[in-house]
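Step one of this worksheet: look at the structure below.
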Amino acid sequence: MRNKTGFNPLSRTAAHQRAMSRNMVTSLFRFERITTTKAKAKEVRKAAEKLITRSKVDSVHNRRTAAKFIQDEKILNKLFTEIGPRMKDRNGGYTRILKLGFRQGDAADVVILELVDYKLPSSEDEAPAKAKKADKAEEKKPAAKKAPAKKAASKAKTAEKAAPAEEAK
């Protein structure tokens with residue numbers, strides 16, 4: 001008989017559950033959107049929403065309580081300086097689960113767990129990044145081409161010097 005078992009153990013030991021939950025919540029706050037299975041997303045959602053509620057009020061006690069769960073200092077700071085203030089007006093429901101389909105290998109339900117105010121990166125944001133990468137690639141290519149050109153030029157000069165010497169003989 002179930003008798004109010006309040007969580008899904010996900011077929012893992014307690015230590016593994018805790019570690020996995022911490023890692024997934026940290027990833028959710030870092031990227032603001034993660035892809036996982038439906039069962040894991042439902043478990044991670046519980047912890048993430050409690051932490052976001054704590055992060056709305058930036059106090060030493062709340063930071064220390066959240067730091068027990070989130071080991072990465074940068075992510076903890078992001079939670080209290082960016083995510084918490086963004087969710088200030090919202091009374092819960094900070095995350096959403098979007099269904100993607102079934103995983104190929106084991107037919108598990110795959111979902112996207114994301115923060116409600118997540119915005120997809122627009123193509124305008126990606127274009128400058130791609131342009132910068134292209135510029136860097138172009139800067140590297142001419143440098144690589146000049147080296148062989150110098151060798152070819154030096155070979156041509158030595159050939160020119162050798163040709164007049166042969167004509168003089």
Side-chain angles (χ1 to χ4, degrees), residues 2 4-141 143:
R2 243 180 129 237
K4 290 191 176 182
T5 302
F7 65 97
N8 181 357
L10 300 170
S11 300
R12 287 164 172 77
T13 62
H16 190 180
Q17 290 169 30
R18 191 168 37 252
M20 185 187 64
S21 181
R22 283 178 171 180
N23 288 334
M24 291 183 75
V25 168
T26 302
S27 294
L28 175 65
F29 292 150
R30 175 178 289 135
F31 302 111
E32 299 186 8
R33 184 179 203 184
I34 58 174
T35 304
T36 184
T37 62
K38 186 176 178 182
K40 288 180 189 174
K42 285 183 173 183
E43 286 299 311
V44 169
R45 169 188 243 178
K46 292 176 189 175
E49 298 219 356
K50 288 177 183 175
L51 287 170
I52 293 172
T53 301
R54 281 223 178 251
S55 71
K56 288 172 154 187
V57 178
D58 191 0
S59 67
V60 175
H61 176 69
N62 285 344
R63 275 187 182 262
R64 286 181 179 168
T65 305
K68 289 178 183 177
F69 203 81
I70 298 175
Q71 303 295 319
D72 191 345
E73 198 171 307
K74 290 179 184 176
I75 302 305
L76 184 66
N77 192 33
K78 179 181 179 180
L79 175 64
F80 279 90
T81 58
E82 294 176 28
I83 297 172
R86 280 191 341 220
M87 304 289 185
K88 199 80 166 173
D89 300 331
R90 191 176 280 274
N91 291 329
Y94 310 113
T95 59
R96 79 168 57 104
I97 295 177
L98 303 170
K99 295 179 183 178
L100 286 179
F102 299 100
R103 192 160 53 196
Q104 183 73 33
D106 60 356
D109 285 333
V110 179
V111 298
I112 294 175
L113 176 65
E114 67 180 11
L115 298 178
V116 171
D117 60 353
Y118 178 79
K119 293 195 175 37
L120 286 172
S122 65
S123 58
E124 295 171 2
D125 294 340
E126 293 173 4
K130 287 181 181 177
K132 288 178 186 177
K133 288 180 184 177
D135 290 341
K136 288 180 183 178
E138 288 176 7
E139 290 174 7
K140 290 179 183 177
K141 287 180 183 177

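Sequence positions, counted from 1, serve as the residue numbers for this chain.
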Query raised in the report: Does NZ in K46 sit with more than 12 non-hydrogen atoms of other residues, nucleotides or ligands closer than 6.0 Å?
Result: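 Yes, because the 6.0 Å sphere around NZ of K46 holds more than 12 heavy atoms from other groups.
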Query raised in the report: Should the heavy atoms of other residues, nucleotides or ligands under 6.0 Å from NZ of K50 be counted, would the total exceed 12?
Result: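 No - once you tally the heavy atoms of other residues, nucleotides and ligands closer than 6.0 Å, there are 12 at most.
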Nearest-0.5 Å distance that lies between atom [atom1] in [X] and atom [atom2] in [Y]:
| X | Y | atom1 | atom2 | result |
| --- | --- | --- | --- | --- |
| I75 | F80 | CD1 | CZ | 13.0 Å |
| F29 | I83 | CZ | CD1 | 5.5 Å |
| T35 | L100 | OG1 | CG | 6.0 Å |
| E73 | N77 | CD | CG | 7.5 Å |
| E43 | L10 | CD | CG | 5.5 Å |
| I97 | I112 | CD1 | CD1 | 11.5 Å |

Of the non-hydrogen atoms in [X] and [Y], which two are nearest, and what is the gap between them?
| X | Y | answer |
| --- | --- | --- |
| F69 | A47 | CZ-CB, 3.7 Å |
| N8 | A39 | ND2-CB, 3.8 Å |
| R63 | L76 | O-CD2, 4.0 Å |
| F31 | Y118 | O-CE1, 3.8 Å |
| L79 | L51 | CD2-O, 4.2 Å |

Report task. State, yes or no, whether a side-chain contact exists between M87 and L115 at a heavy-atom distance under 4.5 Å. Result ->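 When only atoms from C-beta onward are counted, L115 and M87 do touch, with a gap below 4.5 Å.
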Query raised in the report: Hey, mind stepping through V111 and K42 against side-chain contact (heavy atoms from CB on, under 4.5 Å) and telling me if it holds?
Result: CA-CA 10 Å; V111 298; K42 285 183 173 183; over 6 Å; no
Requested in this report: Keeping to residues at least two apart or across chains, list the side chain to side chain donor-acceptor pair (under 3.5 Å) pairs with something in residues 9-27.
Outcome: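 Qualifying pairs: none.
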Query raised in the report: Which pairs with one or both residues in residues 82-99 pass side chain to side chain donor-acceptor pair (under 3.5 Å), sequence neighbours excluded?
Result: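 Listed by first then second residue: E32-R86, R45-T95, E49-T95, T53-Y94, K56-Y94, R86-D117, R96-E114.
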Requested in this report: Tell me, please, which residues at least two apart from R103 pass side chain to side chain contact (heavy atoms under 4.5 Å, CB included).
Outcome: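 Scan of R103 (side chain to side chain contact (heavy atoms under 4.5 Å, CB included), adjacent residues dropped) gives T37, D106, A108, V110.
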